[in-house]
Amino acid sequence: MKEIKMKRLLMAATAACALTTGLVACASMEAQAQGPAPAPTAATSAFPATPEGARAFVLDAEARLTDVAEYAARVAWVRNTYIIHDTMWLEARANTEYTELGVELANAAAHFNDVDADPETRRKLDILRQGLTMPAPNRPGAAAELAEIATRLDSTYATGRFEYQGRQLTLNEAEEIIAESRDPEVTRAMYEGWRTISPGMAEDYARLVEVANEGARELGYADTGAMWRSGYDMDPDAFAAETDRLWAQVQPFYENLHCYVRARLNERYGDEVQPATGPIRADLLGNMWSQQWGNIYDVVAPANLPESTVDLTELLVAADYDAEQIARTSERFYTSIGLDPLPDTFWERSQITRPEGREVVCHASAWNLDNVDDLRIKMCTRVNAEDFQTMHHELGHNYYQRAYNQQPFLFRNGANDGFHEAIGDFAALSAATPTYLSQIDLLDTVPGEEEDITFLLRMAMDKIAFMPFGLMVDRWRWDVQSGATTPAQYNDAWSANMLRYQGLVPPGPRPDNAFDPGAKYHVPGNVPYTRYFLAHIYQFQFHRAACDIAGWDGPLHRCSVYGNEEVGRRFNAMMEMGMSQPWPRAMEAFTGSPENDATAVAQYFAPLDTWLTEQNRGQDCGWEA
Ligand code: X8Z
Ligand code: ZN
């Protein structure tokens, strides 16, 4: 018998990130009132199509969801931290039940399309209709089929290994090698080796897309991608255009960075490995998916500037930090701005390092098991700069989850999913400053302005390099979901997006059966990805607003709001709103403006952009897609 293991198809605010796939993940104003109201179902027959009936319906739905969500979350926690046949079986069962409830309520919500419901009820009805990440069709067995497929995909990823020099490597091990090795043969072996785990996923993935689309259409959407794009309080097409607009604001800067990095790689490795023009070879950038490039900072460090005196990985190791200390230090950042410490149960119940002797899902996530204050993280933390940042990221999810726990169930979520991803990154922008690192005794001397460019270049290698990746994952998926990309075209379309958005190519030809998207967690894990692109814009908006509140008038990249309780009070006020209002209201509450706005990114990095333009003079920048 096939092992059944599954990932949660939908989950309330319960687990952020990897596991916030769901029911209350997003809200939409446009999702309401599509088509005539369907005939009453079991879920609605008790509730008349009146404003009072609608209100009673959502209150009842919230009570039912609260109960099943906690049950499904606890089962999912066990499966995520102890993967065996039986926990897979249990999780599949719990998720099927939760999905079926979600689908029942989503369909039933349409019953009130023509009802003049009060605004809060209307918003909740929209969330019910719109919030499923993987909508199962409303026929017997469909939710279970979807659950089973999703489970197999997630399982294949979580337990993936490949052989290298007679050893079976885990993703963690391969990531460390690709980060540290400067031998292109070795980085290529890691890049190609990890991608051997995914060809077997392609068929399952195609079926999953097909079944979820069936479910999305039943709910009145063109396809699952259209459903995902309608979670932003605006028309789904307008949202796609909005991400184009934001990308256009950042793209020239990315091309500048790409050009500079390519030149350094060419100097280092020669024309054979990295030509001086055209795209960059993806495995040379220090990250399995070339999504953040900070690990190869040493390769691109400017020869004409003072060496950086701040290497966070070195500082952590020198100070003998362990994983728990990284978590405690991150918590202290949040308490310094006046937020409460994490509950004792966080420390008792979290998985902070990879356990021995059992399979777990290592991809970092943050959870709220009871949607109140049973907060936890699940990480396989390593002591380095990357996980220092990831720890702040995860705790940001937890602090958000706790801040909105006074909201009704359906509003216990981020203003939109980009907000959820941006909270912790916002904290980490302050925590990355040399001033802060010296305040917590990791660094002796705060460097002066002479190190500004090296600092900004190191930050851009992570933050700016990420942006086209943050966009391209869902550009690929939206095309797959709409049918514009067929299963036979899956891998070529992925490579084409790498080239078009990131200006990257794989280290060699990909095999005919390659399914490279399956080697990135969020594809088999079914976690929408545009949220991270948004978060990379939002975190700078939040940072600029916080520095204003703090009265900072120096350059943005030197600002730290560590210890500023006024910032904490204002930030928490935004977080407490949860998903109760359209996201522009939350944005406005903290930043004073209701817009998505990439000018804060530009402002933060302005000195570097000028410097890069100078360095790139005479270079043939860009690439042909
Ligand atoms: O998946 C994550 C977090 C959990 S929500 C660790 N991130 C994205 C990724 O790893 O691809 C954070 C940055 C982007
Ligand atoms: Zn996250």
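The chain is numbered in sequence order, starting from 1. Remember, it's 1-based here, ligands and their atoms both numbered in the order they're listed.
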Taking atom types as modelled, find out whether [X] and [Y] have a side-chain donor-acceptor pair closer than 3.5 angstrom.
X	Y	result
K463	Q539	yes
H363	Y157	no
E176	N172	no

Near the Zn ion (ligand 2), is there an N/O/S atom from E421 that is less than 2.8 Å away? yes
Give a yes or no on whether H397 keeps an N, O or S atom under 2.8 Å from the Zn ion (ligand 2). yes
I'd like to check whether [X] has a polar contact with ligand 1, where a contact means an N/O of the residue lying under 3.5 Å from an N/O of the ligand.
X	answer
K520	yes
H363	yes
Q291	yes
H522	yes

Please examine the side chains of F571 and I423, heavy atoms only from C-beta on, and report whether any two atoms are closer than 4.5 Å. yes
Please determine if D154 and R152 form a salt bridge, counting it only when a charged side-chain N lies under 4.0 Å from a carboxylate O. no
E394: numbered ligand 1 atoms lying under 4.0 Å from its heavy atoms: 3 (C), 4 (C), 6 (C)
By number and element, which atoms of ligand 1 are closer than 4.0 Å to a non-hydrogen atom of E421? 5 (S)
Heavy-atom neighbours of R245 CZ exceed 12 at 6.0 Å: yes
Between Y532, Y529, F533, F466, which one has a non-hydrogen atom sitting closest to atom 9 (C) of ligand 1? Y529
Within 45° cone and under 6.0 Å: R544 NZ/CZ vs F542 ring: no
